[in-house]
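I have placed the structure first, in the form of C-alpha cells, so that the comments after it can refer back to it.
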Amino acid sequence: MTDAAPRDDLLTQTGLPARGAGAVLVIACGALAHEVLALKQINGWDHLDLTCLPAIWHNHPERIVPGIREAVERHRSTYKTIFVAYGDCGTGGLLAQTCDALGVEMIAGPHCYAFFDGLDRFTSREETTSFYLTDFLTRQFDAFVWRPLGMDRHPELVPLYFGNYERLVYLAQTDDLALDHKARDCARRLGLDYERRLTGYGDLATALGAL
C-alpha cells in the first residue's frame, strides 16, 4: 500500500497533509484517514488524493468550518475537484452552507456514525440513548472521551456524562477481534450495554466511488 496513514495520535492532533498527483482531493476528518486510504487501495482509486484535518476537532466543532474553508482555498488551484468527507459534525448546518458557498460537495449525514451505518438505516433507528464508536474512535477512546472529560482523574463523573445512555454501539469498519474486545471494554468502563455492528465503509464508499 503506497498511501500509508500516519499513526492515530498524529491523525488525532495534526491531521494529514495532501500528497499525490490525483485530479480529486478528498478533505476528510483525520478519523477517516484509514478508511479513505483503504478504499483507495481496494478500488485502485489513484485519481484521489487525501488530506485530513485533526480528528480531535470532533471535540471542537467550531474549528471545522474555518479549517475546511482554509483547506479548500489553499488547494483549489491544484485540484480539478474537491470533496469534503465530513458530516455536519456539530456545526449546526454551517459546514453545508460553507461548502455550498465554496462550490464543493460534501457527504450527506449528520456525522460519520450515520454514513458508516447507512444514512437511511441510522435515521430509522432513532437511537437516542446509544453512544457510538467507530474503529478509529475505539482505538482513540482515551484521547477523545476518557481523558478530555476528566474521567481518568474523576471516575465519579461517568454517570454524570453517560447516565442517560443505555448502550454503546460499536460500528465496525473491519472485522477485528482485538477492536471488538477494546470497544466492549469501553462499554464496561462507561457502564453501558454493548452492541457491535459490522458496517464496513457504508455510504463513505458510495460517495467516494462517485468521484
message = Using a 3.5 Å distance criterion without hydrogens, assess whether the side chain of Arg76 forms a donor-acceptor pair with backbone atoms of Leu102.
response = yes
message = I need the full list of side-chain hydrogen bond (donor to acceptor under 3.5 Å, both in side chains) pairs touching residues 151-162, with sequence neighbours left out, sorted by first then second residue.
response = His154-Glu156
note = Taken in chain and number order and not counting sequence neighbours, the residues that satisfy ring pair (Phe, Tyr, Trp, His ring centres under 6.0 Å) with Phe131 are Phe162, Tyr165
Residues which pass side-chain hydrogen bond (donor to acceptor under 3.5 Å, both in side chains) with Thr78, listed by chain and number, not counting sequence neighbours = none
inquiry  = Can a donor-acceptor pair be found, under 3.5 Å and without considering hydrogens, that links the side chain of Thr199 to the backbone of Gly202?
reply    = no
remark   = Minimal heavy-atom distance between Ile56 and Gln13, with the atoms involved, is CG2-OE1, 4.3 Å
note = Here the side-chain hydrogen bond (donor to acceptor under 3.5 Å, both in side chains) pairs for residues 178-194, sequence neighbours left out, are Asp142-Arg189, Asp180-Tyr194, Asp185-Arg188
ask   = Residues in side-chain hydrogen bond (donor to acceptor under 3.5 Å, both in side chains) with Thr14, at least two apart?
value = none
key: Residues that Thr12 engages under side-chain hydrogen bond (donor to acceptor under 3.5 Å, both in side chains), provided they are two or more places apart   = Gln140
inquiry  = Strictly distance-based, threshold 3.5 Å: is any side-chain N or O of Asn43 a donor or acceptor partner for the main-chain N or O of Trp45?
reply    = no
remark   = Closest non-hydrogen contact found for Leu53 with Ile64 is CD1-O, 4.3 Å
ask   = With Asp9, which residues qualify under side-chain hydrogen bond (donor to acceptor under 3.5 Å, both in side chains), at least two apart?
value = Arg7
inquiry  = List the residues meeting salt bridge (Lys or Arg N to Asp or Glu O under 4.0 Å) with Asp175, not counting sequence neighbours, and say none if there are none.
reply    = Arg196
key: Closest heavy-atom pair and its distance - Ala33, Cys52   = CB-SG, 3.8 Å
request  = Not counting sequence neighbours, which residues clear salt bridge (Lys or Arg N to Asp or Glu O under 4.0 Å) with Arg197? List them please.
outcome  = Asp117, Glu127, Glu195
request  = Examine the side chains of Asp135 and Thr138 and answer whether a donor and an acceptor come within less than 3.5 Å of each other.
outcome  = no
remark   = So ring-ring contact (aromatic ring centres under 6.0 Å, His included) across residues 52-101, not counting sequence neighbours, yields none
ask   = Taking Asp88 for the side chain and Ala96 for the main chain, is one N or O donor matched with an acceptor at less than 3.5 Å?
value = no
request  = Using salt bridge (Lys or Arg N to Asp or Glu O under 4.0 Å) as the criterion, list what pairs up with Glu70, not counting sequence neighbours.
outcome  = Arg74
ask   = Ala55 and Gly30: which non-hydrogen atoms are nearest, and at how many Å?
value = CB-C, 3.8 Å
request  = Could you list the residues that satisfy ring pair (Phe, Tyr, Trp, His ring centres under 6.0 Å) with His111, not counting sequence neighbours?
outcome  = Tyr113, Phe122
